[in-house]
Every structure is written in structure tokens, then in C-alpha cells.
Amino acid sequence: MSDADSFIDEVTEEVRRDRMYLLLRRWGWIGVVAVVAIVGGAAFNEYRKARETGQAEALGDAILSALAENGSTERAERLSQIDAESAGGDAVLNMLSSASQFEAGSEAEAVEKLNAIAVQGDLPEIYRAIASFKALLLQTDSLPAADRRQQFEALAAPGAPLRLLAEEQLALIEISEGETQAAIERLQALRQDAEASFDLQQRAGQLIVALGGEPEPLVAQQG
């Protein structure tokens, strides 16, 4: 390579370097902002996770402390004083409080609190379903069987989170109304359901035997 070529290469490299520095001076702040945003976002996420974990732990400690009270009235009072700071936490508190109220003899108040959770639109479906299910259980002796059947049928809809437990309750209602064969058929189907737990299958089998039936052999589930 000649001296002239070497000189041209050096000049070209200098020009490239100058252009790069110019671009960095003009647009480099965008990269800095991007880095700050990424680092800041990661730090905020970690802070938020730590804060949520701390709130959950504080809520759990407060609930355990309240449940340690011997009297149901005292437990309900202590639970009502806890600030959950979230819709889900508040729903859990109200469920626990309703149980203490029921134990204290305030069935109407307990059911009212659970029904309020069941229609709270900003809660995930599982919270609302549990509240509705618990409210129906508390009204086993006070709500007509036809009304309970209708509401359990809604909870037993395909894809519902408590579908199988609702089916079990429907079978119990059929038993109480003397619909033995219908109850056995429902329990047989319940045992064969791919989502049924071992405990649920066992309870259904015991009920079938108690009703004079014979549990059908379980079909092997694939998957």
C-alpha cells in the first residue's frame, strides 16, 4: 500500500470518527434516557414486589392474630378492624369475618356479607364463586331447596371454578328430596370427571354405596 493510500485511509477513519462523535452528541441522550428508563423500571418493579410482599405478610400476621381470639364475636371484631389495602384481601377478610359472625349466631349478617362479595364486580371470579358457595352452605336449613338448587346450578356451569363442588351439593339436595336415582347418576358422573380430586371421588363413591348403589369402575384418565 502506498503512502497516499495510507493517508487516505487515515483521513477516512477520522471522518467516520468525527461523524460518530457528532451523532453521539446529537442523539446520545436518547440512549441515556433508554438506559435510565430500563434501570428505573426494573428498580420500580422490585420495589413494587417487595411492597406487595410486605403488605401480604402484614395482612397474614394481622389475620392470624385476630383468629387467635377465643370468642367468635371477638374474632369478628378484630377482623373488621384490619385494613387489607386490596380488593382481594378485603374479600378474604370479609369471608373470615362472616364465618365468625355465623358462629356467634348472626347468620343473616354473615350471609349478607358473603352475598356482597359475590356481586362485587372488581373481584376475580374465584372470590365471588367462593363467597356465593359459602353463603349457600350457611343457608342449608333456612333457604328453600329450590332456591339453593337454582343457585348451585349456576355455580355448576361448565368452566366455573367450583363446578364439581356445586355438583356435589346438587346431589345432596336431590337426596334430601328423595330423588335417589338422580343423585346416584350425578355422583357417578362426578366420579368420572377428569377434574375430580381423589377426595371428591371417594366422597361420591361413599354416598353411592349409602344410597344402595354400586360405584362404577373409574375410567383411566389420560394426560
Nearest heavy-atom approach of Leu143 to Gln151 is CD2-NE2, 3.8 Å

When rounded to the nearest 0.5 Å, the distance separating CG of Leu190 from CD of Glu195 is 11.0 Å

Review point. Below 4.0 angstrom, N of the basic side chain to O of the carboxylate: do Arg186 and Glu179 qualify?
Key: no

**Message:** Would you say Val209 ends up clustered with Ile184 if hydrophobic residues are merged whenever their side chains have heavy atoms under 4.5 Å apart, either directly or through other cluster members?
**Reply:** no

Exercise. So if you build clusters from Ile, Leu, Val, Met, Phe, Trp, Tyr with side-chain heavy-atom gaps below 4.5 Å, do Leu137 and Val111 land together?
Worked result: yes

Quick check against the 3.5 Å criterion: does Gln139 have a side-chain atom that pairs as donor or acceptor with the backbone of Pro144?
no

Same apolar cluster: Ile173 and Leu162, side chain cutoff 4.5 Å: yes

Residues Val219 and Gln192: closest non-hydrogen pair is N-OE1, 2.9 Å

Here the pair of heavy atoms bringing Gln201 nearest to Ala196 is CG-CB, 3.9 Å

Of all heavy-atom pairs linking Ile117 and Tyr127, the shortest is CG2-O, 4.2 Å

Notebook entry, point to check: Does a side-chain heavy-atom distance below 4.5 Å link Leu200 with Arg203?
Noted result: yes

| field | Whether Gln188 side chain and Glu216 backbone form a donor-acceptor pair below 3.5 Å | value | yes

Arg191 and Ile208 have their tightest heavy-atom pair at CD-CD1, 3.8 Å

Checklist entry - Hey, quick one: are Leu114 and Leu123 part of the same hydrophobic cluster, counting side-chain heavy atoms closer than 4.5 Å, chains of contacts allowed? => result yes

Beyond-backbone contact of Leu207 with Ile175, side-chain heavy atoms, under 4.5 angstrom: yes

CG of Leu138 to NZ of Lys113, rounded to nearest 0.5 Å, is 12.5 Å

I want to check something: taking the side chain as every heavy atom from C-beta on, are Val119 and Arg128 in contact at a cut-off of under 4.5 Å?
no

State, with a plain yes or no, whether a side-chain heavy atom of Gln169 is found less than 4.5 Å away from one of Leu136. no

Residues Pro161 and Glu125: closest non-hydrogen pair is CD-OE2, 3.4 Å

Next on the checklist: Donor-acceptor pair, distance only, cut-off 3.5 Å: does the side chain of Glu168 make one with the backbone of Leu187?
Outcome noted: no

